[in-house]
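Start at 1 and go down the list; that is how both ligands and their atoms are numbered. We count residues from 1, following the sequence as given.
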Amino acid sequence: MRITDMHITPIAVGDPPLLNAAGLHAPYALRTIVELVADDGTYGLGEVPGSAATNAALEAAREVVIGQDPFQLNAIRREIDERLGTGGAAARGEPAWTKPRLVHVHSGVEVACFDLMGKAVGRPVVDLLGGRARDRVDFSAYLFYKYEGAGGDLGFGTDSNASGWAAARQKAALDPAGVVAQAQAMRGAFGFKSIKLKGGAFPPDEEADAILAMYEAFAPGTPLRLDPNAIWSVETSVRIGERLKGVLEYYEDPTRGQAGMAEVRRRTGIPMATNMCTTSFEDIPGSVAHHAEDIILSDHHFWGGLRSTIELSRICQVFGRGLSMHSNSHVGISLAAMTHLAAAIPNLTYACDTHYPWQGDEVIVGGKLQFDDGALVVSNEPGLGVELERAALAKLHEQYVRCGLTERNDEIEMQKVQPGWKFQAQRW
Ligand code: GKR
Ligand code: MG
């Protein structure tokens with residue numbers, strides 16, 4: 001089997017005005033769809049976070065990918081490394097999503113190869129990763145504060161009578177009662193059991209109040225997580241941690257860096273989770289030396305693919321780390337890949353993050369994948385089990401061209417509604 005072509009299609013996906021420590025989501029989230037065409041007439045799909053820089057790196061990789069056998073993942077990885085040069089921690093920025101382009105290229109190409117391999121042998125990707133550790137993958141409700149009045153058309157028109165999740169997606173949630181209402185609407189629509197609140201947008205005590213309100217509102221045992229994306233000092237993290245002790249399932253990146261996280265962990269005794277201080281294999285020695293976290297949030301887009309994430313899972317076992325899964329705004333190709341991967345990792349025991357309910361647009365045949373009681377049933381179809389809806393892809397590519405965005409920059413979006421607003425690596 002040989003790869004005969006590689007299509008790289010940037011798309012822009014409608015996104016609500018979600019707030020985080022770095023600012024505000026733009027009206028569109030950028031993704032890039034990778035399609036590998038094989039000489040037997042089949043195609044394989046991958047999806048990665050979009051940016052002009054990642055697209056250029058994918059374009060540069062194309063030359064070495066075409067002509068390869070998709071089963072020869074080691075050769076493909078080596079040739080991409082040789083062509084693009086390896087990234088490294090220094091290439092990472094401070095917001096949670098700025099990472100070296102190389103891991104995105106590896107992940108987009110590798111997932112598309114797995115899709116091709118699955119189609120070639122008539123087996124789902126999960127079977128190529130060692131088989132199912134579970135038949136259903138649990139996801140978590142991922143709550144956000146929103147900026148009233150910002151953002152573009154979410155596809156609801158002017159329907160102010162929207163109810164349930166559609167209404168919660170449209171309207172701002174700004175106080176603890178609003179956050180509880182958003183959680184109720186999201187859980188009602190999708191059945192999620194665990195709840196994560198994206199913090200770092202408002203003064204820490206207000207966000208802690210929202211968590212405490214959810215603790216009151218939901219049955220005891222509902223796993224709750226808070227993620228301020230490292231914008232709090234160690235002292236603030238410890239003080240808020242004291243308020244949330246016994247309430248949080250895990251405390252996600254309250255403060256920056258492995259040493260700071262280790263100190264908060266020591267002083268509060270709360271399980272700490274990260275997708276910011278331990279985000280690559282290079283970070284593992286530091287993670288172990290500091291004992292920076294209890295749970296690592298994997299992400300195949302950032303760890304370099306599905307196989308790399310399985311390697312990470314073994315490291316987590318060896319060093320006593322739990323494993324969860326991080327997400328960024330995405331469509332169904334990534335969600336399918338996340339589901340096969342999570343199903344194949346026995347020690348990935350936490351409900352995975354997903355932004356999927358926030359996005360209305362989709363590129364796969366049949367529209368959005370459906371959650372069943374907060375989980376996705378692992379597909380038995382060959383490959384990822386999703387097919388490309390080419391008209392939808394063309395429409396979202398057209399949306400990309402029209403919107404003029406070339407990278408994610410939440411600070412610039414925030415400045416559009418609050419001129420002069422500045423990202424601060426430590427705000428509180
Ligand atoms: O979508 O605003 C967002 C999140 O803050 C995202 O960018 C983070 O990467 O979900 C992420 C996280 O868990 O840190
Ligand atoms: Mg996080």
- request: Please indicate whether any nitrogen or oxygen in His25 is less than 3.5 Å from any nitrogen or oxygen in ligand 1.
  value: yes
- prompt: Going by the atom numbers of ligand 1, which of them fall below 4.0 Å from some non-hydrogen atom of Tyr142?
  reply: 4 (C), 10 (O), 11 (C), 12 (C), 13 (O)
field: Among the N, O or S atoms of Glu252, the one nearest the Mg ion (ligand 2)
entry: OE2
task: Would you check whether Arg225 reaches within less than 4.0 Å of ligand 1, judged by its heavy atoms?
output: no
Residue among Phe190, Trp165, Tyr142 satisfying ring pair (Phe, Tyr, Trp, His ring centres under 6.0 Å) with Trp358: Trp165
task: Specify the closest pair of heavy atoms between Ser237 and Pro254, including all atoms of both residues, with the distance to one decimal.
output: OG-CB, 3.4 Å
query: Hey, is ligand 1 close enough to Ser329 that some N/O pair sits below 3.5 Å?
result: no
- request: Using a strict cut-off of 4.0 Å, indicate which atoms of ligand 1 neighbour a heavy atom of Asp227.
  value: 12 (C), 13 (O), 14 (O)
message: Classify the ring geometry of His330 against Tyr356: parallel below 30°, tilted from 30° to 60°, perpendicular beyond 60°.
response: parallel
task: Under 4.0 Å from a heavy atom of Asn20: give me the atoms of ligand 1 that qualify, with their elements.
output: 2 (O), 3 (C), 5 (O)
- prompt: For ligand 1, which atoms sit closer than 4.0 Å to a heavy atom of Ser327?
  reply: 10 (O), 11 (C)
- request: May I ask you to identify, for Asn229, whether its side chain, its backbone, both or neither come under 4.0 Å of ligand 1 on a heavy-atom basis?
  value: side chain
- request: Identify whether the distance between the nearest side-chain nitrogen and carboxylate oxygen of Asp372 and Arg136 falls below 4.0 Å.
  value: yes
field: Met276 N/O/S atom closer than 2.8 Å to the Mg ion (ligand 2)
entry: no
Close-contact set for ligand 1 against Arg408 heavy atoms, below 4.0 Å: 1 (O), 2 (O), 3 (C), 7 (O)
Proximal atoms of ligand 1 relative to Asn275 (non-hydrogen, under 4.0 Å): 12 (C), 13 (O), 14 (O)
statement: Note: ligand 1 atoms sitting under 4.0 Å from heavy atoms of Asn328 are 6 (C), 7 (O), 8 (C), 9 (O)
task: Taking only heavy atoms of Lys198 into account, list the atoms of ligand 1 that are under 4.0 Å away from them.
output: 4 (C), 5 (O), 8 (C), 10 (O), 11 (C), 12 (C), 13 (O), 14 (O)
task: In plain terms, say whether Glu242 and Arg239 are close enough for a salt bridge, that is, a side-chain N and a carboxylate O under 4.0 Å apart.
output: no
message: Nearest N/O/S atom of Asp227 with respect to the Mg ion (ligand 2), by atom name, please.
response: OD2
- request: Please lay out, stage by stage, how His25 and Asn20 fare under the test side-chain contact (heavy atoms from CB on, under 4.5 Å).
  value: CA-CA 8 Å; His25 282 210; Asn20 64 30; 4.0 Å; yes
- prompt: What is the distance from atom CG of Leu73 to atom CZ of Arg78, rounded to the nearest 0.5 Å?
  reply: 12.0 Å
- prompt: Got a salt bridge between Glu293 and Arg265, using NZ or NE/NH1/NH2 to carboxylate O under 4.0 Å?
  reply: no
message: Please determine whether a side-chain nitrogen of the Lys or Arg among Asp227 and Arg225 lies less than 4.0 Å from a carboxylate oxygen of the Asp or Glu.
response: no
- request: Have a look at Ser313 and tell me which of Leu341, Leu323, Val318 forms a side chain to side chain contact (heavy atoms under 4.5 Å, CB included) with it.
  value: Leu323
query: Would Met276 count as a contact of ligand 1 if the rule is a heavy atom under 4.0 Å away?
result: no
